[in-house]
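The structure under discussion appears below in the form of C-alpha cells.
Bear in mind that the values here come from a model prediction, so they are computed numbers and not experimental data.
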Amino acid sequence: LGPSRRPHTAMSTRFATHMRTTPDVDTSVAVPLDVRLMHMAASLMYVGFGLALVGVMVWSFVRLPMFALTGITVRGDVEHNNAVTLRANVAPRLTGNFFTIDLAQARQTFESVPWVRVAVVHRDFPNRLRAVLLEHKPMAMWGAEDAGTMINEQGQVFEASLDDADAERLPRMKGPVAESQAVAGMY
C-alpha cells in the first residue's frame, strides 16, 4: 500500500459519522398570540423606560448650574448705549441657561433697547452670550416738534433720546409712519 491508499480504520469511520447530514426536523413550537402580544408589550415598556431614563439624564445635565449664563459680550455699534444701559434693559428679561435660552427672544430683547436697530445673538460655550449690535443712524427728526422720534437711513422710524445739539442739526420730516421710507427716499 502506498501513501495515497490508507486502510479503512475505526477512526476514519468515526469522523464519517459526525459528518453525516441529519434530516431536517421542524422543532419549532407555535407560540400563542397572547404570549406574543405580552412579549411585544414588555419589549415596548422596556424601550419606553429606557428612553425616559435617557431623557431624565439629559434634562438633569442641561440644568446643571455650570451652564447658567454668567456674562454677555457686546460688539458692534454701541455709540449711544453703554454697559449699564444694556445691563439694565436686557439682563432682567433674559431667562434660561446656555441650553434653554431662546435666542430669538434674546435678539428681540436687544432690539427693544433704544438706538439698537439689529442684533445678532450667539451662544459662547459653556455659559456666555455674544451679541453683535447695529445702531440706528439718524437721518432726520420725525413727526411733531415735541416727539422723540427719528428716521434712520433705512427709512425706519424709531424712538430714542438725542442731545439737543445733535437734534438741532437734523432736519424735521413729517408724514404717516407707513410712508416713512418714501419720505426718506425723497430727501
*With the 4.5 Å side-chain cut-off for hydrophobic clustering, are Leu94 and Val120 part of the same group?*
no
*Please round to the nearest 0.5 Å and tell me the distance separating atom CG of Leu134 and atom CZ of Arg75.*
14.0 Å
_If I compare all heavy atoms of Asn127 with all of Ala68, which pair ends up nearest, and what's the gap?_
CB-O, 3.1 Å
_Membership question, hydrophobic clusters at under 4.5 Å side-chain separation (ILVMFWY): are Phe61 and Val54 in the same one?_
yes
*Identify the heavy atoms of Arg93 and Gln105 that sit nearest to each other, and give their distance.*
O-NE2, 3.4 Å
*asked:* Taking Ile101's backbone N and O only, do any of them form a donor-acceptor pair with Arg123's side chain (distance below 3.5 Å, no angle check)?
replied: yes
*Straight-line distance of Lys174 NZ to Thr149 OG1, nearest 0.5 Å*: 10.5 Å
_Closest contact, heavy atoms only, His136 versus Asn152_ = ND1-ND2, 2.8 Å
*asked:* side-chain contact (heavy atoms from CB on, under 4.5 Å) for Val78 and Asn82? Distances and angles first, verdict last.
replied: CA-CA 7 Å; Val78 287; Asn82 58 25; over 6 Å; no
*In a check of side-chain contact (heavy atoms from CB on, under 4.5 Å) between Val116 and each of Asn89, Thr109, Val90, Leu133, which one passes?*
Leu133
*Can you list the steps and then say if Leu33 with Arg36 is a side-chain contact (heavy atoms from CB on, under 4.5 Å)?*
CA-CA 5 Å; Leu33 179 63; Arg36 283 187 287 169; 3.9 Å; yes
*How long is the span from the CG atom in Leu69 to the CZ atom in Phe99, to the nearest 0.5 Å?*
11.0 Å
_Atom pair CZ (Arg172) and CD1 (Ile151), whose distance is rounded to the nearest 0.5 Å_ = 12.0 Å
*Which heavy atom of Arg107 sits nearest a heavy atom of Ala119, and at what distance?*
CG-O, 3.1 Å
*Do other residues, nucleotides or ligands put more than 12 heavy atoms under 6.0 Å from His39 NE2?*
no
*Test side-chain contact (heavy atoms from CB on, under 4.5 Å) on Asp34 and Met38 and set out the steps.*
CA-CA 6 Å; Asp34 60 339; Met38 286 190 331; 5.6 Å; no
*Which atom pair, heavy atoms only, marks the closest approach of Thr73 to Arg128?*
OG1-NH2, 3.0 Å
*Look up atom NZ in Lys137 and atom CD in Gln154, then write down how far apart they are to the nearest 0.5 Å.*
9.5 Å
*Any idea which heavy atoms bring Val121 and Leu129 closest together, and the distance?*
CG1-CD2, 4.2 Å
*asked:* Would you say Trp115 ends up clustered with Val118 if hydrophobic residues are merged whenever their side chains have heavy atoms under 4.5 Å apart, either directly or through other cluster members?
replied: no
*More than 12 heavy atoms from other groups under 6.0 Å of CZ on Phe125*: yes
*Could you grab the distance from atom CD1 of Ile72 to atom CG of Asp124, nearest 0.5 Å is fine?*
11.5 Å
